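What follows is one structure encoded as structure tokens, with my remarks underneath.
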Amino acid sequence: MMKTAEMLEIFNKHRGDAVVIPGRGGRFWVEMSDQPDRDLPLGDPAMGGHASFALGLALAIPDQRVVLFDSEGDVLMGMGALPTIAEKAPSNLYHFMLDNGVYATTGGQPVPNAEQMEYDVVAQGCGYPSTYAIDNLEDFASQIEEILSGPGPVFVALKIDPEIINEPINARPQWQRKTRNQAVADMQAELGISGG
Amino acid sequence: MAELSPARILAELKNNGATHVVWLPDSETNFLYVLMSEEPSIDLVPVSREGHAFSTAAGLAAGGKKPVILIQNTGMMESGDSLRGWGLGMNVPVVMMVGYRGWTRHGVINDTAAFYTERFLHAFNINYYLVESDEDADRISIAFAEAQREKRPVAVLVGDEYHGFNVSR
């Protein structure tokens, strides 16, 4: 098991100039990223859609590496996105998935069949050409460079500690420093993209 | 009554600079798929659930592309939260072409998919244009212009099930 923040700290050393969609790791990522104009900390526009969003972005900017930190709850809700990603096969997409086994933002209830799921096997079965399953920081640190230096699409299932939030949504600390639209606008400006 | 030709639809998409068609097959847009798959200027992105179409389109638009969503009214209704969060919440200027399953001109609706379609769009405050024949096809350009101007999804309801879109010509 890994702490999300510790895993992201290691990733950050290998980020290069990748565009990062931190997903459920957003509240940690905004504290450590030194390239906020290449970050899309969108929070949770609608559960289950991060992988499709990342696919669309990766297809649109093929010269940029796109790194997504998805979650197992999102993947379960939107599992049908995996075959689409595998079919379109964007070589610039790196799909990491945080698996803490629970719905952490609703109090920590287990996701369906949490103890048995092998998400890397699911991704492989959907056609991802490269998949990994990592459950400790040492292995993550030793493999991250290899993962990011190879072609995508890559799927990396990461076992992380549940860091459960059990407060009403309106009572939670607001970690986002930009609106979603501002984050997109800043990324577009950084990459020289005129609005879609 | 005149029918809606897939070639005319494709021409509208090309004239408006569509770069990607994010789609899930339906009976209204069947034949259009054949034409689109042969069109080099448009990249098809097949999804397996319509809700993914809105998040995919949001990503494409964030990257500067001009996607079109091509789905059926049944799937649009299944996609409510994705339309809310990704489509409307991210101000995605996207035309969603929606096969209007069950729609009839005479107004007697026996298909609940059709019965709820416009009610659904009203609930989400999505403006829409009905396209039944080639004579209506320029409404697609109106929808594109409105989506760009308003920075939000605009729907085109394709009311031609099992007619022009499935007739080889």
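In what follows, every chain begins at residue 1, and chains take the letters A, B, ... in the order their sequences are listed. Just so you know, these numbers come straight off a predicted model, no measurement behind them.
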hydrophobic_cluster_shared for [Y] and [X], side chain cutoff 4.5 Å:
| X | Y | answer |
| --- | --- | --- |
| B:F54 | B:Y128 | yes |
| A:M97 | A:M2 | no |
| B:L10 | B:V156 | yes |
| A:V19 | A:L93 | yes |
| B:I69 | B:I142 | no |

Exercise. Can you check side chain to side chain contact (heavy atoms under 4.5 Å, CB included) on A:L55 and B:V45, steps first, answer last?
Worked result: CA-CA 10 Å; A:L55 168 66; B:V45 183; 4.2 Å; yes
Problem set entry | For chain B, which residues of residues 58-84 of chain A have heavy atoms nearer than 4.5 angstrom | A:L59, A:A60, A:I61, A:M77, A:G78, A:G80, A:A81, A:T84
For this session: Select all residues of residues 114-153 of chain A having any heavy atom within less than 4.5 Å of some heavy atom of chain B, and report them by number, or 'none'.
Result: none
Problem set entry | OH (B:Y33) with more than 12 external heavy atoms under 6.0 Å | no
Exercise. So with a 6.0 Å cut-off around CZ of B:F124, is the heavy-atom count from everything else above 12?
Worked result: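 Enclosed.
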Exercise. How far apart are the closest heavy atoms of A:E87 and B:P46, and which atoms are they?
Worked result: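 Looking at all heavy atoms of both residues, the shortest contact is OE2-CG, 3.5 Å.
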Problem set entry | Contact summary for A:V184 and B:M90, nearest pair of heavy atoms |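 Taking every non-hydrogen atom into account, CG2-CE, 3.8 Å.
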Would you say the side-chain atoms of [X] pair up with the backbone N or O of [Y], donor to acceptor, closer than 3.5 Å?
| X | Y | value |
| --- | --- | --- |
| B:W86 | A:A46 | yes |
| A:Q188 | B:G64 | no |
| B:K65 | A:L57 | no |

For this session: Please state whether the side chain, the backbone, both or neither of A:M47 comes within less than 4.5 Å of a heavy atom of chain B.
Result: backbone
Exercise. Between A:I21 and chain B, which part of the residue has a heavy atom less than 4.5 Å away: side chain, backbone, both or neither?
Worked result: neither
Exercise. Could you state the interatomic distance from CG (B:L44) to NZ (A:K88), rounded to the nearest 0.5 Å?
Worked result: 6.5 Å
Exercise. Taking C-beta and beyond as the side chain, do A:F53 and B:H52 meet within less than 4.5 Å on heavy atoms?
Worked result: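 No. Closest side-chain heavy atoms not under 4.5 Å.
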